[in-house]
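So the structure is just underneath, and the comments pick up after that.
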Amino acid sequence: MHKKSLVFLFVSLLEILPHASAQSLKDTPYVPSEDNLQARKKFQDDKFGIFIHWGIYSMVGHGEWYMNNQNIQRDEYAKLAQGFFPSKFDAAAWVSAIKASGAKYITITSRHHDGFSMFGTKQSPYNIVDGTPFGRDIIGELAEECRKQGITLNLYYSHLDWYRDDFPVGGTGRNLGRPTDRQNWNSYYTFMNNQLTELLTNYGPIGAIWFDGIWDKRGFDWQLEEQYELIHSLQPSCLVGNNHHVTPYRGEDFQMFERDLPGENTAGYSAGQDISILPLETCQTMNGSWGYNIEDRNYKSAKTLIQLLVRAAGKNANLLLNIGPQPNGELPQMALRRLEEIGNWMDAYGETIHGTRGGDVAPHSWGVSTRKGNRLFIHILEYEDSRLFLPMEAKVLKATKFIDGTPVQFSQDKEGVTLKLPEIPKGIDYIVELSLK
Ligand code: GLC
């Protein structure tokens, strides 16, 4: 071959190669580690978690969006930190109350959109340890207590920031008195990755990182994949989820739905997402607010909350139920009462929820089914007849009322099973257990 053509070939190869390798990297599917797959299974078995939105915004008592919604100037808002002293905070009390409800994990805001870190970080003095008279690392205290009591700790982390100069401002946080000439994505991205490294290094095993906020700037390259890789390299079993309201991206380990069950879109956040094959989670508020709202007494009834948990399980999803702790560090009385009511129900019926997957009978308006091995649980939530037809194929050997083992008559043909209940179903959830062949 002519020397010139050889050089040409070499140069052309050089030009093609980077593209070729970038292309193949992009096409390589994300392969979760064995630990990660185990963690996903555990996450699905857990079925029920408590979400905690807590930050200096709790002092104002109007939810976590107050700063943005009222255009509170950033430097003025930041003064809240200097008065933050949640004198009644007791990690043990929180974790015990939450654990008694039957919840298996806690997901807490380590840093929300207001940019204030609720943990000791070297990346910014704007944090609970260095920036408040309280000076305690509540994430550290919770991590230790969760480990003691055997429940998983997950961390919410906002991609969006209303405080920092270097955050490239998107659709929100535009009138908070920040300089506009210091935005610097590389600096902000490094800050986040350093914080995530701290969170995944200083507090023992973390169950999941729960991201939120990229909906603020659609189409922007948030460099998620590298960030997800960082998380998985620090803790392979740590699940990554992102509340971006669209079908999951590469590198994510579970899919979340805000204020709706998978497949529903009453709240308007889920129009852009299909249900993926990943573990699913729905988050919902106990009243109407995430962060503490001093006016919001509109708590959902225990019945509504339990039925939501059951319907989520029937759709093969977890429920992440939110509480906004008070500025004094305590969980609101009403929230504690709901935890207790749910706990009482879970003591009796938790077996039909924990460790189950969505069952053979698809969700209906009357209720749902959950399944564990050969046990199929029929959860009858709203139904006013004693005959119930269940479209299903698996052969049923036996039917009983779950609570006391009373036999339930049934017949089966090709189309499915017809239950002849001994009464009209009543209560929060009338459960019939079917033993399958
Ligand atoms: C929304 C809100 C946020 C809240 C989250 C919980 O994304 O911006 O305040 O933390 O929903 O799902």
Side-chain angles (χ1 to χ4, degrees), residues 48-72 77 80 103 105-119 139 154-163 167 169-174 176 192 208-218 220 222 224 239-249 252 254-262 264-273 279-294 296 300 305 308-309 312 317-325 335:
F48 180 36
I50 293 294
F51 211 174
I52 301 269
H53 275 72
W54 201 36
I56 53 176
Y57 44 79
S58 70
M59 297 171 76
V60 187
H62 283 95
E64 76 290 355
W65 271 69
Y66 185 76
M67 176 189 193
N68 175 77
N69 294 352
Q70 301 302 319
N71 290 330
I72 308 297
Y77 180 90
L80 285 172
Y105 61 96
I106 295 175
T107 306
I108 185 168
T109 47
S110 62
R111 176 172 146 279
H112 205 269
H113 310 332
D114 70 349
F116 186 78
S117 298
M118 292 294 278
F119 61 102
I139 299 292
N154 298 345
L155 301 174
Y156 170 109
Y157 191 84
S158 176
H159 273 121
L160 163 59
D161 193 295
W162 294 329
Y163 176 80
F167 176 71
V169 174
T172 64
R174 302 179 73 87
L176 309 176
M192 285 196 294
I209 298 290
W210 206 104
F211 284 115
D212 187 25
I214 66 168
W215 34 255
D216 191 52
K217 215 174 154 85
R218 294 255 184 234
F220 179 74
W222 294 85
L224 295 177
L239 305 183
V240 171
N242 194 326
N243 188 33
H244 43 45
H245 305 150
V246 294
T247 313
Y249 297 141
E252 294 172 7
F254 67 106
Q255 179 178 11
M256 50 184 79
F257 298 82
E258 183 171 338
R259 293 183 190 259
D260 263 308
L261 292 176
E264 295 173 356
N265 186 28
T266 60
Y269 298 114
S270 292
Q273 59 182 338
L280 312 174
E281 182 191 65
T282 280
C283 60
Q284 184 54 283
T285 51
M286 251 196 210
N287 48 12
S289 319
W290 300 107
Y292 178 62
N293 187 321
I294 200 162
D296 187 354
K300 296 169 187 71
L305 295 173
L308 180 65
L309 171 62
N318 291 13
L319 175 66
L320 180 61
L321 182 60
N322 183 74
I323 298 175

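We use all heavy atoms of the structure for the numbers below, so side chains are in, but hydrogens, waters and symmetry mates are not. Sequential numbering from 1 along the given sequence is applied to the chain's residues. We count ligands from 1, going down the list as the structure has it; atoms in each ligand are counted the same way.
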Next item on the list: Identify which one of Y249, W215, F220, Y269 satisfies the ring-ring contact (aromatic ring centres under 6.0 Å, His included) criterion when paired with H244.
Entry: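 Going through the options one by one, the only one that passes is Y249.
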Checklist line | Contact summary for A267 and R259, nearest pair of heavy atoms | finding: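 Looking at all heavy atoms of both residues, the closest pair is CB-CB, 3.8 Å.
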Notebook entry, point to check: Do the side-chain N and O atoms of S158 and H113 include a donor-acceptor pair separated by under 3.5 angstrom?
Noted result: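 Checked: S158/H113 side chains pair up, N/O donor to acceptor below 3.5 Å.
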Next item on the list: Evaluate the side-chain proximity of L155 to R111: yes if any heavy-atom separation is below 4.5 Å, no if none is.
Entry: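 A side-chain contact under 4.5 Å is absent here.
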Checklist line | Heavy-atom check, side chain of Q284 versus side chain of L305, under 4.5 Å | finding: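 Side-chain contact under 4.5 Å: no.
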Could you give the N/O to N/O pairs under 3.5 Å linking ligand 1 and the protein, each with its distance?
{"residue": "ligand 1", "atom": "7 (O)", "partner": "D212", "partner atom": "OD1", "Å": "3.1"}
{"residue": "ligand 1", "atom": "7 (O)", "partner": "D212", "partner atom": "OD2", "Å": "3.0"}
{"residue": "ligand 1", "atom": "7 (O)", "partner": "N243", "partner atom": "ND2", "Å": "3.4"}
{"residue": "ligand 1", "atom": "7 (O)", "partner": "E258", "partner atom": "OE1", "Å": "3.4"}
{"residue": "ligand 1", "atom": "8 (O)", "partner": "W65", "partner atom": "NE1", "Å": "2.9"}
{"residue": "ligand 1", "atom": "8 (O)", "partner": "H113", "partner atom": "NE2", "Å": "3.0"}
{"residue": "ligand 1", "atom": "9 (O)", "partner": "E64", "partner atom": "OE2", "Å": "2.5"}
{"residue": "ligand 1", "atom": "9 (O)", "partner": "W65", "partner atom": "NE1", "Å": "2.9"}
{"residue": "ligand 1", "atom": "9 (O)", "partner": "H112", "partner atom": "NE2", "Å": "3.2"}
{"residue": "ligand 1", "atom": "10 (O)", "partner": "H53", "partner atom": "NE2", "Å": "2.5"}
{"residue": "ligand 1", "atom": "10 (O)", "partner": "H112", "partner atom": "NE2", "Å": "2.8"}
{"residue": "ligand 1", "atom": "11 (O)", "partner": "E258", "partner atom": "OE1", "Å": "3.2"}
{"residue": "ligand 1", "atom": "11 (O)", "partner": "E258", "partner atom": "OE2", "Å": "2.8"}

Check: Distance-only, no hydrogens or angles: does the T282 side chain make a donor-acceptor pair with backbone N or O of D260 under 3.5 Å?
Finding: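 A pair under 3.5 Å: yes.
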